[in-house]
Amino acid sequence: MLNTGETWRFEVRDAQADRVFLVKECDGGVRTWVAMAPGADGRWHVTTTLTPGHYRLRYFRAEGSTFFNAGATGLVGHRVAGDDPMVTFDSPGSLVAV
């Protein structure tokens, strides 16, 4: 079986933020910041590919030039493609495999 990763859509509601970033921390502490796009009703979203590895996910919100670590509270993820058993998470509570 070839481990190719999975595609996930992440969403968070934050009507006060000017910008929001999904932060993916993978094995060995490698961090990737992915800008989320604004949507309706103060929701921010992004679709991204997760390669095989163990992830800690959180988001940072920005108001002007100040960034805040918002943790993972309110971050919701839905798997939209792939099914790779080598993609795992620290806290999968709000993640849904579709």
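The chain is numbered in sequence order, starting from 1. These numbers come from a predicted model, not from an experiment.
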*Asks:* Is any side-chain heavy atom of F10 closer than 4.5 Å to a side-chain heavy atom of V76?
*Replies:*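 The answer is no, as the side chains (C-beta and beyond) never meet within the 4.5 Å cut-off.
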*Asks:* Minimum heavy-atom separation for V87 to T51, with atom names?
*Replies:*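 Reported closest heavy-atom pair: CG2-O, 3.8 Å.
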*Asks:* Would you confirm whether D84, through its side chain, and G5, through its main-chain N or O, come within 3.5 Å as a donor-acceptor pair?
*Replies:*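 Yes: the side chain of D84 pairs with the backbone of G5.
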*Asks:* Say you draw a straight line from CZ of R13 to CG of L75; how long is it, rounded to the nearest 0.5 Å?
*Replies:*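 Result: 14.0 Å between the selected atoms.
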*Asks:* Angle between ring planes, W33 versus F60, binned at 30° and 60°: parallel, tilted or perpendicular?
*Replies:*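 The rings of W33 and F60 sit tilted, inter-plane angle from 30° to 60°.
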*Asks:* Measuring only between side-chain heavy atoms, which start at C-beta, is R9 closer than 4.5 Å to V46?
*Replies:*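 With C-beta onward as the side chain, the pair stays apart.
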*Asks:* Can you tell me how far the CG atom of L50 sits from the OG1 atom of T4, to the nearest 0.5 Å?
*Replies:*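 So the CG of L50 and the OG1 of T4 are separated by 11.5 Å.
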*Asks:* For residues 34-53, which residue pairs qualify under salt bridge (Lys or Arg N to Asp or Glu O under 4.0 Å), counting only residues two or more places apart or in two chains?
*Replies:*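 Every salt bridge (Lys or Arg N to Asp or Glu O under 4.0 Å) pair that includes a residue of residues 34-53, provided the two are not neighbours, is E11-R43.
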*Asks:* Please list every donor-acceptor pair under 3.5 Å in which a side-chain atom of residues 20-29 meets a protein atom from a residue at least two apart or in another chain.
*Replies:*
| residue | atom | partner | partner atom | Å |
| --- | --- | --- | --- | --- |
| K24 | NZ | T48 | OG1 | 3.0 |
| K24 | NZ | T49 | O | 3.4 |
| E25 | OE1 | R31 | NE | 3.2 |
| E25 | OE1 | R58 | NH1 | 3.2 |
| D27 | OD1 | H54 | N | 3.1 |
| D27 | OD2 | H54 | N | 3.4 |

*Asks:* How close do A72 and L57 get, counting heavy atoms only, and between which atoms?
*Replies:*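 The pair with the smallest heavy-atom distance is CB-O, 3.5 Å.
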*Asks:* Give the minimum heavy-atom separation between T73 and Y59, together with the two atoms involved.
*Replies:*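 Residues T73 and Y59, closest heavy atoms: O-CE2, 3.4 Å.
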*Asks:* Salt bridge (Lys or Arg N to Asp or Glu O under 4.0 Å): which pairs involve residues 64-77, sequence neighbours left out?
*Replies:*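 Passing the test, one end in residues 64-77: no pairs.
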*Asks:* So do the side chains of D83 and E6 get within less than 4.5 Å of each other, counting heavy atoms only?
*Replies:*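 In contact.
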*Asks:* Under 6.0 Å between the ring centres of W8 and Y55?
*Replies:*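 No, they do not, as the ring centres are separated by 6.0 Å or more.
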*Asks:* Could you please spell out the steps behind the side-chain contact (heavy atoms from CB on, under 4.5 Å) verdict for W44 and R61?
*Replies:* CA-CA 10 Å; W44 295 79; R61 56 189 307 279; over 6 Å; no
